Amino acid sequence: MYIIQLLNDLIKSIIKDKYGVENCEITITKPPEDINFDYAINVAFGLSKILKKNPVLIANELADELKKENKIKEINIEKGYINILLDNEFLKYEIFKIINDKTYFKTNTGQNKKVNIEFVSANPVGPLNVVNGRAAAFGDTLANLLKYSGFDVHKEYYVNDFGRQVKLFGKSIEERYYELHKLKEKAEIPEDGYKGEYLINIAKQIDLDRENTLEEVKNALELKQLHDIEDFFKTYGINYVLNWQKTTLENFGVQFDEWFSEKSLYENNEVENVLNILKEKNLIIEEDGALWFDTTIFGDDKKRVVKKADGEFTYFAGDIAYMNNKFKRGFDIIINILGPDHHGYIKRLEAIVKALGYNENCVKIIILQQVNLLQKGEKLKMSKREGRLVLLDELIDTVGKDAARYYFVMRNPNSHLDFDIELAREQSDKNPVYYIQYAYARICNIFNFATEKHIFVEDYDFQEIDFSKLEKEERRIITFLLDLPAYIDEAAKKFSPSFFVQKIYELVTIFHFFYNKYRVISNDDKITTLKRLLIMKALRISLYNCFKIIGITPKENM
RNA sequence: GUGCCUGUAGCUCAGCUGGAUAGAGCAAUGGAUUUCUAAUCCAUUGGUCGGGGGUUCGAAUCCCUCCAGGCACGCCA
């Protein structure tokens, strides 16, 4: 249990015993900088409303009770706020725990609940672009935050390997293949097909992978096995692109637990089955030869086609089966991270959940707003089919994985993100990610220096280390570390990686300030040296954990 | 037309479940290194929180309205 929780419970029990009040909101924050206390408790205002009593009076009464707690050294009341200072021995004990307890930053808020988090899920028809990068960085960080706060997290990528898009994609490769081998003078790419140059590479790669392909294709053409040919190119293309995407994501530090195939939903009759369930509930309407799911009953503004008049299922039909499948696998929380063009989709997904009789509160849909790509200040229009887009691969190459991940995760999902490619390249050494990495490197260097001087804080029993004097900056670092689990919990609860990143930045700022003001290792003051080394050790471990959560490299040298 | 998102310092943004004097970075100006990495630190300049109304002890935050920008709107994915 972390300190904020502890204080919270303590105050709760005091106001219950003293005033009989149970549901009063307690806010515990950091006081403004000029106030030399560790925490500020804002509860007297709320209580004064309930008790019709002067807030300062209440604060004083609460302070008298709080003084009995041995973790608290000092209390001061100002404008109704209760400011408290923690006991130094208690702080030392916590630092000791951070260093020795590997689970210090993990909480059990999630109670091991099963979470399915689906993100990126780009169509397997082309490489990932920077927009997918935003989803990847956001989703992965959120997943890590949830893991730390005690959820059992399953990261999933939905592969749209079924339907019209992949069909067109396969056809486009097929045409490129004919062109390559002069079976046709020029590739006849379908109107809505894929014109990107990478398709030519895919066509070339086929021959490198499989020696007899050309012959097989020619034979099949003679035998008019057109369906088989189509299927071959489609399957090959999807696999090629999936491997590409996987490699890109791995370079970006993102790994999925499962790549879920849309096609499998059809092969296992899950789509048919789930539509039958809806039919039984009279939610399916037949109109103009097509089948519609009447989502308007559940708050959508229009009904949606699930099976077209030509007999083909829509993408939405697969989504219904997919959602059903997720619930059947026993997930308690289902998170779906979508792009900005999908905001109209929220109502539809909610309709699915309600129609199938599941608890709608289990589903959380997060819309990531648009990424505008700017080049020299001008907006780039992106289109996959035209093949004009900035690849995530390129971005990783030019600015690096760490900077890219940090950049994506530092803004909140609602903000439209302007991504200036030139600027991102130029700014590589101005990117704030270096600021936080530099802090880690500096700490590592302190320990290198200590080693040179043959000072090893590990050699000392922690009883021997003296915490009776703590500078303001030292206290700020220590209390910040104690609050990290709370921040992780809060970020997970808010689904807000950006909140967490800001906290890391804050912590690092405090460190840099401290570093400039004080020396950790001094020749003539062993007591202070040991105390500071101990704090630095805890800080290093803490930062290491933070970096792991947001997926950036803790560099020991810069 | 309807729905969703956004509007905060010159620029990019944080803060939005109401609470102490609205914060960072970049840019601009001035300063800090005999001693653990200056990719750092300190100071200064910069704000009618899009406009207007309302709710209350208190509003950037909640409600209403208007303005501006972006995105999406039934046989598409």
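Note that the structure is predicted; figures quoted are calculated from it, not measured. Chain letters run A, B, ... following the sequence lines, proteins first and then strands; every chain starts at 1.
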Please enumerate all protein N or O atoms sitting under 3.5 Å from an N or O of nucleotides 8-12 of chain B, with distances to 0.1 Å.
from  : atom 1 : to     : atom 2 : distance (Å)
B/U12 : O2'    : A/R411 : NH2    : 2.4

*Using atom C1' of each nucleotide, how far apart are B/A22 and B/G15 to the nearest Å?*
8 Å

*For the base of B/A77, is there a side-chain donor-acceptor partner from A/D192 under 3.5 Å away?*
no

*Taking the six-membered ring for Trp and the full ring for Phe, Tyr or His, determine whether the centres of A/F313 and A/Y266 are under 6.0 Å apart.*
yes

*Which string of ( ) [ ] | and . matches RNA chain B, if you list each base 5' to 3' and count Watson-Crick or G-U pairs only when both distances are under 3.5 Å?*
(((((((..((((.....[...)))).(((((.......))))).....(((((..]....))))))))))))....

_With A/D294 via salt bridge (charged side-chain N to carboxylate O under 4.0 Å, His left out) - residues at least two apart_ = none

*Check the chi torsion on B/G10 and let me know: syn if it falls within 90° of 0, anti if not.*
anti

*Counting side-chain heavy atoms from CB outward, which of B/C76, B/C36, B/A39 is closest to A/Q165?*
B/C76

*Please indicate yes or no: is the ring centre of A/F513 less than 5.5 Å from the centre of the six-membered base ring of B/C41, with the two planes inclined by under 30 degrees?*
no

*Looking for any heavy atom pair under 4.0 Å, which part of the strands does A/E262 touch: base, sugar-phosphate only, or nothing?*
nothing

*Where the side chain of A/N412 is concerned, which of B/G15, B/C75, B/A77 is the nearest nucleotide?*
B/G15

*Determine whether the side chains of A/E156 and A/Y322 contain a donor N or O and an acceptor N or O closer than 3.5 Å.*
yes

